[in-house]
Structures are given as C-alpha cells and as structure tokens.
Amino acid sequence: MTPSDLLEFERAHPRHDGTKEETIRAHLGVTPARYYVLLGRAARSLDGMAADPITARRVRDRRSRLRG
C-alpha cells in the first residue's frame with residue numbers, strides 16, 4: 001500500500017462510520033487501527049503530500065485537532 005493508495009481510499013471514504021471499518025478490512029486487508037496509523041504516515045510523507053495534498057492536509061489537520 002502506497003501513500004497514494006491510502007489517501008485515495010480516504011478521499012473516497014471520508015466519513016468514519018461502522019461501514020468504513022468493514023470497508024477497510026475488506027478492501028485493504030488491515031485493521032482500522034493499523035489503517036489510521038498508516039494513513040497518518042502517508043499524510044506526513046512527501047509522496048503523500050505530492051499525490052494528494054488536499055486529503056493529506058485534511059488528515060493532518062484532523063489528527064492535530066484530535067490531539068488537542
């Protein structure tokens with residue numbers, strides 16, 4: 001899974017609900033917890049920022065709001 005793949009998936013599934021967790025497992029083959037770790041790394045990576053700067057920024061901003 002590349003940063004581009006993860007950000008593309010997040011762009012297609014921006015809302016966190018019960019079906020998103022099932023979709024993560026089915027399409028990506030990882031747990032939701034692992035997905036969010038990988039997504040955070042992708043959003044901070046140069047490859048991720050180059051591939052999808054808007055989604056990468058949205059993910060980074062959401063993470064920083066959650067951390068306080």
Side-chain angles (χ1 to χ4, degrees):
M1 245 179 307
T2 67
S4 178
D5 295 336
L6 291 162
L7 291 167
E8 181 179 331
F9 181 87
E10 182 63 20
R11 184 178 57 245
H13 306 283
R15 300 206 146 198
H16 184 79
D17 57 20
T19 60
K20 184 173 182 176
E21 292 185 1
E22 294 170 14
T23 306
I24 290 168
R25 285 186 175 96
H27 289 269
L28 303 177
V30 297
T31 65
R34 182 71 179 148
Y35 166 74
Y36 286 108
V37 168
L38 295 172
L39 179 63
R41 288 181 188 163
R44 292 187 309 271
S45 75
L46 294 177
D47 289 341
M49 286 186 265
D52 189 343
I54 294 170
T55 304
R57 182 172 180 158
R58 186 172 47 82
V59 169
R60 289 191 317 269
D61 289 350
R62 182 175 49 206
R63 287 177 64 92
S64 67
R65 280 194 311 270
L66 291 174
R67 289 184 178 174

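Treat the numbers as computed from the prediction; the structure is a model and nothing was measured.
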Chemist: Rest of the hydrophobic cluster containing F9 (Ile/Leu/Val/Met/Phe/Trp/Tyr, side-chain heavy atoms under 4.5 Å)?
Modeler: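 Traced through the cluster, F9 reaches M1, L6, L7, I24, L28, V30, Y35, Y36, L38, L39, V59.
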Chemist: Measuring from E22:CD to H27:NE2, what's the distance to the nearest 0.5 Å?
Modeler: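 One gets 10.5 Å once the value is rounded to the nearest 0.5 Å.
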Chemist: Can you check whether V37 reaches R41 side chain to side chain, under 4.5 Å on heavy atoms?
Modeler: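 They are in side-chain contact.
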Chemist: Quick check: are there more than 12 heavy atoms from other residues, nucleotides or ligands sitting under 6.0 Å from CZ of R57?
Modeler: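 Counting neighbours around CZ of R57, 12 or fewer heavy atoms of other residues, nucleotides or ligands fall under 6.0 Å, so no.
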Chemist: A side-chain contact here means heavy atoms from C-beta on lying under 4.5 Å apart; do R63 and R60 qualify?
Modeler: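 No. Closest side-chain heavy atoms not under 4.5 Å.
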Chemist: Ignoring hydrogens and angles, state whether a donor on the side chain of T19 or D17 is under 3.5 Å from an acceptor on the partner side chain.
Modeler: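 Yes, a side-chain donor-acceptor pair sits under 3.5 Å.
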Chemist: Is there side-chain contact between H16 and E21, with at least one heavy-atom pair below 4.5 Å?
Modeler: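 The answer is yes; the side chains approach within 4.5 Å.
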Chemist: Using the side chain to side chain donor-acceptor pair (under 3.5 Å) criterion, which residues pair with R44? Sequence neighbours excluded.
Modeler: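 For R44, no residue satisfies side chain to side chain donor-acceptor pair (under 3.5 Å) once neighbours in sequence are set aside.
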Chemist: Provide the closest heavy-atom pair for H13 versus K20 in the form atom of the first, atom of the second, distance.
Modeler: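 That closest heavy-atom pairing would be O-NZ, 2.8 Å.
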Chemist: Looking at every non-hydrogen atom in both residues, tell me the closest pair between A43 and M49 and how far apart they are.
Modeler: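 Closest pair (atom of A43, atom of M49, distance): O-CG, 3.6 Å.
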